[in-house]
Each structure stands twice: as C-alpha cells, then as structure tokens.
S.K.: 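Here it is, the structure, as structure tokens.
Letters A, B, ... are given to chains in the order of the sequence lines, protein chains preceding strands, and every chain is numbered from 1.
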2 protein chains.
Amino acid sequence: MASNTLKQDTNMASDTSDLVIEKQVCFSLYSAANAIIRAYRPMLNALDLTYPQYLVMIVLWSHDGINVKSLGTKLHLDSGTLTPLLKRLENKQLLVRRRGLEDERVREIFLTAQGAQLKSLAEAVPNEMLCKSKLPIEELLSLKESCDKMCDNLQE
Amino acid sequence: MASNTLKQDTNMASDTSDLVIEKQVCFSLYSAANAIIRAYRPMLNALDLTYPQYLVMIVLWSHDGINVKSLGTKLHLDSGTLTPLLKRLENKQLLVRRRGLEDERVREIFLTAQGAQLKSLAEAVPNEMLCKSKLPIEELLSLKESCDKMCDNLQE
DNA sequence: ATAAAATAAATTGCGCACAATCTAATTGGC
DNA sequence: GCCAATTAGATTGTGCGCAATTTATTTTAT
C-alpha cells in the first residue's frame with residue numbers, strides 16, 4: 001500500500017509513458033470543443049438553437065435550397081445526424097424540406113421567412129464568442145488552420 | 001430566380017458577413033474533435049472502448065482509486081456523463097465502484113486486474129494517432145496549448 | 001443537539017454523432 | 001428494355017454531454 005501511494009503521488013508514469021491525460025493533444029481538442037459548445041449555449045438559447053442547429057442555419061443563410069448531401073459535406077455530418085436535426089428545425093418553422101423536382105431522392109432545404117429573419121439576431125454571435133475566447137486573432141487563425149489540416153488528414 | 005442563383009454562386013456574403021461557415025474557428029475545432037473521435041474508433045474497437053471510456057481508463061491507469069468528482073474535474077465532465085459511463089466500464093469488468101469509507105457520498109473507482117492489464121494494449125494508441133494526424137510535433141504542441149488556453153478562458 | 005446549508009453522486013430527459021441497415025429512386029451496362 | 005449497381009436519404013440503436021432535478025450524506029451554525 002505504501003508503494004502504491006508513492007507511485008500515485010509522485011505520478012511516476014508521467015515521465016515515462018505517453019498514456020497520461022495531460023500529454024494528450026486529442027484530449028485538449030476534445031475538451032476545447034466541449035467547452036465551446038457549452039459557451040455558445042447561453043447565446044444560442046436566446047435564438048432557440050443548439051450549436052449544430054446554428055451551424056446548419058449558417059450554411060442555409062448563404063446557401064438556401066441546399067440539399068442534405070451537400071449540407072453534410074460542408075458540415076462533415078451524415079443523414080443520421082442531419083435528418084432528425086432538420087426535422088426539429090422544420091418543427092420550429094425555420095425551414096421546409098422539399099423533394100427535388102428532377103430527382104426524387106434529393107431533399108432540398110429552404111429557409112422560411114422566419115428562418116431567414118433569424119440571421120439578423122445571429123449576426124452578433126461570432127464576435128461575442130471571439131471575445132469570450134480571450135485569444136488574439138493571430139492565434140485563433142493559426143488554431144483554425146491546424147484544426148482544418150487535422151480534419152483533412154484524418155479523412156478516411 | 002436569376003438573382004437568387006447569382007447570389008448563391010458568387011457567395012456575396014463571404015466578403016461582408018462573419019456568418020459564413022468557412023470563417024468559423026469554432027466550427028473547425030468542433031469538426032476536428034469529431035474527426036479525432038472517428039479516427040480513434042477502429043483502434044479503440046480493438047480494446048472494446050469508446051473514446052470517452054479510453055480517457056477514463058487513461059486517468060485510472062495513473063490514478064487508481066480516484067473518485068467521480070476528481071475524475072470529472074480532470075476530464076471536464078460531470079456525474080451525468082460519468083455515472084453511466086463508469087457503470088458500462090464496470091459491466092465490462094474493467095473497474096469497480098466502491099463507496100468511500102470515511103465519506104459515504106463519495107464513489108471511488110478501482111481498476112480490476114483486467115482493467116489494469118488493458119494498459120499494455122493501449123500503449124501503442126497515442127503514437128498511432130499522432131501518425132494519422134500527419135502534423136509535425138511542434139504544430140501539435142502549439143495546437144494543444146491554444147486548446148488548453150481556449151478551454152481555460154471559456155471556464156464559467 | 002439539531003436544523004439549515006453544502007456537497008457527492010445518481011437520475012431524467014433531450015439532442016446530437018455515428019455505425020449499420022433499409023427504402024426508394026436513378027443510372028449504367030448489356 | 002431490363003436488371004444490377006449506385007446514390008440519397010431515412011431509420012434504428014448505442015453512447016455520450018449536459019441541464020435540471022433528486023437523493024443521500026456531511027458540514028456548519030446556532
């Protein structure tokens with residue numbers, strides 16, 4: 001029991017093993033992503049949106065009429081995530097889901113007037129988030145670049 | 001309809017608005033975190049662990065006997081996430097959950113022999129992940145630092 | 001000694017993320 | 001023209017992540 005306590009308290013593993021939580025880059029990224037979604041919550045509650053719903057709305061505000069496949073490509077999400085999410089946004093009257101005219105398999109997503117209007121309320125969100133992060137813009141840009149590279153490199 | 005098509009195709013908004021998906025640092029971080037968990041999956045399937053379960057095991061491998069509160073502080077997760085996760089790991093015989101002797105409210109988590117043994121199989125995982133990321137170590141370290149800062153700054 | 005406040009964990013409920021599977025429509029080859 | 005292969009999306013089931021609430025225990029103040 002004494003040796004066990006010693007090993008824990010002095011944390012011998014941290015010098016020799018890579019299997020320590022404090023060394024894990026991926027854990028830092030995972031925790032930061034969770035923290036970001038948590039930080040967005042109060043702002044997005046005011047818009048009655050979750051963070052993934054907010055992302056979908058952002059895409060729609062510049063690509064009204066996009067289909068589920070293209071939306072999924074842009075957001076790196078599949079239909080298993082998007083279909084129920086889009087149904088919830090449809091229930092909130094922010095969009096409508098229409099079948100494609102020339103291809104019946106395709107679902108095209110169109111903003112309602114209400115959904116389009118929500119954009120003006122959302123305009124303030126990105127800047128408020130940048131303030132909360134308290135990081136200089138150059139650091140945020142290099143962080144973004146590394147994340148984008150990571151994402152690309154882990155593709156299949 | 002012609003003007004609508006023009007607006008979409010030339011993406012006018014991208015120059016004037018911050019509300020474009022390609023500009024969102026947070027979206028990059030969110031996508032990278034999802035991509036990481038996806039990339040870990042095949043490796044961790046071999047250990048019959050999910051990524052959050054793997055994180056818990058990493059902490060236990062250097063802090064056997066830790067309680068739920070301390071575990072939550074380390075992983076930035078609460079009992080609503082940890083309690084059912086720990087029960088699943090207990091069902092897999094990787095750990096046991098005991099009540100604290102001096103304080104009955106506390107749950108202390110102890111590795112089983114099987115749980116302790118799993119560490120040797122997990123030793124190869126971090127390096128394999130670094131390879132998959134294809135990023136130079138310096139970039140990974142600066143990425144980790146920025147994520148840790150982001151996480152700290154968004155605290156409460 | 002006891003009631004109030006604080007603390008640790010568990011529970012409930014919702015919304016992702018994603019693997020796996022299924023359905024329906026379209027395309028390509030012959 | 002017809003059938004196999006492909007494609008788009010929907011469905012099902014599991015495991016988080018977390019807000020909100022609840023239960024049980026401990027601490028504090030009186």
S.K.: Whole-Å distance between C/dG15 C1' and A/L82 CG?
M.R.: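 That distance rounds to 13 Å.
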
S.K.: Sequence neighbours left out, cut at 3.5 Å: what donor-acceptor pairs do the side chains of residues 127-135 of chain B make with other protein atoms?
M.R.:
from: B/K132; atom 1: NZ; to: B/A39; atom 2: O; distance (Å): 3.1
from: B/S133; atom 1: OG; to: B/L130; atom 2: O; distance (Å): 2.8
from: B/S133; atom 1: OG; to: B/L135; atom 2: N; distance (Å): 3.3

S.K.: Using modelled atom types only, decide if a donor and an acceptor are shared between the side chain of B/Q93 and the backbone of B/G115 within a distance under 3.5 Å.
M.R.: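 No, the answer is negative, given that no donor and acceptor are paired below the 3.5 Å cut-off.
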
S.K.: Would the base of C/dA10 count as contacting B/S79 through its side chain, where contact means a donor and an acceptor less than 3.5 Å apart?
M.R.: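 Such a pair is found, so the answer is yes.
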
S.K.: Measure the distance from CD on A/Q53 to P on C/dA17 and round it to the nearest whole Å.
M.R.: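 Rounded to the whole Å, the gap is 10 Å.
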
S.K.: Would you give the length of the straight line joining atom OG1 of A/T83 to atom CZ of A/R88, rounded to the nearest 0.5 angstrom?
M.R.: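 Going from the OG1 atom of A/T83 to the CZ atom of A/R88 covers 10.5 Å.
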
S.K.: Atom CD of B/Q53 and atom CD1 of B/I58: how far apart are they, to the nearest 0.5 Å?
M.R.: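 Those atoms lie 12.5 Å apart.
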
S.K.: Do side-chain atoms of A/K144 reach the backbone of B/E22 as a donor and acceptor pair under 3.5 angstrom?
M.R.: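 Pair found, side chain donor or acceptor close to backbone of B/E22.
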
S.K.: Under a 3.5 Å distance rule, please check whether B/N34 uses its side chain to pair with a backbone N or O of B/I37 as donor and acceptor.
M.R.: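 A pair under 3.5 Å: no.
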
S.K.: Hey, which sits more toward the 5' end of DNA chain C by its nearest nucleotide, B/T81 or A/L77?
M.R.: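 Mapping each residue to its closest nucleotide by heavy atoms, the 5'-most match is B/T81.
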
S.K.: Nearest whole Å is fine: how far is C/dA8 C1' from B/I66 CD1?
M.R.: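 Computing the B/I66:CD1 to C/dA8:C1' distance gives 14 Å.
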
S.K.: C/dC18 P sits how many Å from A/L85 CG, rounded?
M.R.: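 Result: 13 Å.
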
S.K.: Specify the separation, in whole Å, of atom CD1 of B/I109 and atom P of C/dA8.
M.R.: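 Answer to the nearest Å: 14 Å.
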
S.K.: I need the CZ-C1' distance between B/R97 and C/dT11, as an integer number of Å.
M.R.: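 Distance check: B/R97 CZ to C/dT11 C1' gives 12 Å.
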
S.K.: In terms of relative ring orientation, are A/H76 and B/F27 parallel, tilted or perpendicular, with 30° and 60° separating the classes?
M.R.: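 Answer is parallel, since the angle falls under 30°.
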
S.K.: For DNA chain C, which residues in residues 86-94 of chain B have a heavy atom at a distance below 4.0 Å?
M.R.: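 DNA chain C contact set from residues 86-94 of chain B: B/K87.
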
S.K.: Taking B/R97's backbone N and O only, do any of them form a donor-acceptor pair with B/R107's side chain (distance below 3.5 Å, no angle check)?
M.R.: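 Answer holds: yes.
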
S.K.: So, the side chain of A/W61 versus the backbone of B/V20: is there a donor-acceptor pair under 3.5 Å, distance only?
M.R.: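 Looks like no, no N/O pair under 3.5 Å.
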
S.K.: Heavy atoms within less than 4.0 Å of DNA chain C: which residues of residues 32-52 of chain B have one? Give them sorted by number.
M.R.: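 Correct list: B/N34, B/R38, B/R41.
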
S.K.: Using OP1 and OP2 only, check whether a side-chain N or O of B/R107 sits under 4.0 Å from C/dA8.
M.R.: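 For C/dA8, neither OP1 nor OP2 has a side-chain N or O of B/R107 closer than 4.0 Å.
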
S.K.: Do any N or O atoms from the side chain of A/S31 and from the backbone of A/S28 form a donor-acceptor pair under 3.5 angstrom?
M.R.: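 No, because the side chain of A/S31 does not come within donor-acceptor range (under 3.5 Å) of the backbone of A/S28.
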
S.K.: What closest approach, in Å, do A/A122 and A/P126 show between heavy atoms, and which atom pair accounts for it?
M.R.: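 So the minimum-distance heavy-atom pair works out to O-CD, 3.4 Å.
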
S.K.: Using chain A heavy atoms and a threshold of under 4.0 Å, write down where along DNA chain D the contacts begin and end, 5' to 3'.
M.R.: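 For DNA chain D, the relevant span reads D/dT7 to D/dA19.
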
S.K.: Could you list all N or O pairs between the protein and nucleotides 26-29 of chain C that sit under 3.5 Å apart?
M.R.:
from: C/dT26; atom 1: OP1; to: A/E104; atom 2: N; distance (Å): 3.2

S.K.: The helix from C/dA1-D/dT30 to C/dC30-D/dG1: angle between its terminal axes, five pairs each, to 10°?
M.R.: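 Taking five pairs per end, the axes differ by 10°.
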
S.K.: Take B/M150 and A/L143 through the test side-chain contact (heavy atoms from CB on, under 4.5 Å) and record every step on the way to the result.
M.R.: CA-CA 10 Å; B/M150 173 77 81; A/L143 174 59; 3.9 Å; yes

S.K.: Check for a donor-acceptor pair, side chain of B/K74 on one end and backbone N or O of A/I21 on the other, with a separation under 3.5 Å.
M.R.: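 Answer holds: no.
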
S.K.: May I ask you to decide if A/D64's main-chain N or O and A/E108's side chain share a donor-acceptor pair within less than 3.5 Å?
M.R.: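 Checking the backbone N and O of A/D64 against the side chain of A/E108, no donor-acceptor pair under 3.5 Å is found.
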
S.K.: Between B/L71 (CG) and C/dA10 (C1'), how many Å, whole number?
M.R.: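 The distance from CG of B/L71 to C1' of C/dA10 comes to 15 Å, rounded to the nearest Å.
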
S.K.: Distance check, rounded to the nearest 0.5 Å: A/L75 atom CG versus A/L82 atom CG?
M.R.: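 Reported value, rounded in 0.5 Å steps: 6.5 Å.
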
S.K.: Distance from B/D48 atom CG to B/L121 atom CG, nearest 0.5 Å?
M.R.: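 Rounded to the nearest 0.5 Å, the CG-CG separation comes out at 11.5 Å.
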
